[in-house]
Amino acid sequence: MTSSLEGHALPGARAAVDHLLAFLSTLHSTATLKPEPLGQAFGVQLGPDSTNGAGWTVYHSPDLGRGWTYWLQQSDARPSIKNGFRFWFDHADRAADATPVCALPLDRLRSTLTTHGWVERPVPSEIGSILAVEFSKNDVVLTLTPRDGTDIGGTACVLAIQTTDGH
């Protein structure tokens, strides 16, 4: 069931989130976190990431509307670090209203991941609050921190998600 916010999100944001959830639903190993499978899952081609250099690839979408884009970034494994990836919505104005890209309420992410075998675990801080939420499956750990989302009218919207044990 689609929330009211999801229904009002830009079509490109909804499509990107649908690709993300479909990919995460079938992800079983960090070995799959390579440019070709990620690109196929999103229907895009990742290219060299000049900001980070060798071992990194990236895709930056065209404007989805209202100045919003999304990024898909991948990093190759190195000694003691697994392949990793990050997905996020971006706007040049950090104070821009995120309603147009609120296509992934936290509740939808939770239900989709747990339905496909992911285990959710809160990461507590030293003083009792929650620092992050992790979702794990086999050797993959995804992390959400407070800076990866926003509250829109009482709905927690996920704007970014990344692997923890990659780069």
**OP:** Measure from the side-chain N and O atoms of Ser129 to the backbone N and O of Ser125, and report whether any donor-acceptor pair falls under 3.5 Å.
**Re:**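 No.
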Original post:
Taking atom CD of Glu36 as the centre, does the number of heavy atoms from other residues, nucleotides or ligands within less than 6.0 Å exceed 12?
Top reply: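 Count not over threshold, so no.
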With rounding to the nearest 0.5 Å, note down the distance linking [atom1] in [X] to [atom2] in [Y].
X: Lys82; Y: Ser29; atom1: NZ; atom2: OG; result: 8.5 Å
X: Ile161; Y: Trp88; atom1: CD1; atom2: CH2; result: 13.5 Å
X: Gln45; Y: Thr57; atom1: CD; atom2: OG1; result: 10.0 Å
X: Asn83; Y: Arg78; atom1: CG; atom2: CZ; result: 11.0 Å
X: Leu10; Y: Asp63; atom1: CG; atom2: CG; result: 8.5 Å
X: Leu159; Y: Cys102; atom1: CG; atom2: SG; result: 7.0 Å

Does the side chain of [Y] come within less than 4.5 Å of [X]'s, by heavy atoms?
X: Val140; Y: Leu27; value: yes
X: Trp118; Y: Leu142; value: yes
X: Leu38; Y: Phe85; value: yes
X: Trp71; Y: Gln73; value: no
X: Leu64; Y: Phe89; value: yes
X: Leu46; Y: Val58; value: no
X: Leu109; Y: Leu144; value: yes
X: Leu24; Y: His116; value: no

Can you give me the closest heavy-atom contact between [X] and [Y], atom names plus distance?
X: Ala103; Y: Val17; value: O-CG1, 3.5 Å
X: Pro122; Y: Ile130; value: CB-CD1, 3.7 Å
X: Ala16; Y: Phe42; value: O-CE2, 3.7 Å
X: Pro100; Y: Arg66; value: CG-NH1, 3.4 Å

Original post:
Which is it for His28 and Lys137 under the side-chain contact (heavy atoms from CB on, under 4.5 Å) test, yes or no, and what are the steps along the way?
Top reply: CA-CA 7 Å; His28 295 287; Lys137 182 176 178 182; 3.5 Å; yes
Original post:
Pick one: which of Leu21, Leu104, Asp107 meets side chain to side chain contact (heavy atoms under 4.5 Å, CB included) with Thr112?
Top reply: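 Only one option passes, and that is Leu21.
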Subject >> Candidate list Asp139, Val141, Leu33, test side chain to side chain contact (heavy atoms under 4.5 Å, CB included), partner Thr163, passing option >> reply: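 Answer after filtering Asp139, Val141, Leu33: Leu33.
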Original post:
Yes or no on side chain to side chain donor-acceptor pair (under 3.5 Å) for Asp148 and Gln162, after CA distance, side-chain angles and deciding distance?
Top reply: CA-CA 9 Å; Asp148 296 329; Gln162 62 276 323; 3.1 Å; yes
**OP:** Go through the steps for Lys34 and Asp76 under the test salt bridge (charged side-chain N to carboxylate O under 4.0 Å, His left out), then give the verdict.
**Re:** CA-CA 7 Å; Lys34 299 297 267 174; Asp76 288 339; 3.3 Å; yes
**OP:** Determine, using ring centers only, whether Phe87 and Phe23 are less than 6.0 Å apart.
**Re:**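 Centroid separation for Phe23 and Phe87: 6.0 Å or greater.
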**OP:** Go through the steps for Thr69 and His60 under the test side chain to side chain donor-acceptor pair (under 3.5 Å), then give the verdict.
**Re:** CA-CA 7 Å; Thr69 62; His60 185 204; 2.8 Å; yes
**OP:** Determine, for Asp49 against Arg86, whether the closest basic-nitrogen to carboxylate-oxygen distance falls under 4.0 angstrom.
**Re:**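 Looking at Asp49 and Arg86, the cut-off is not met.
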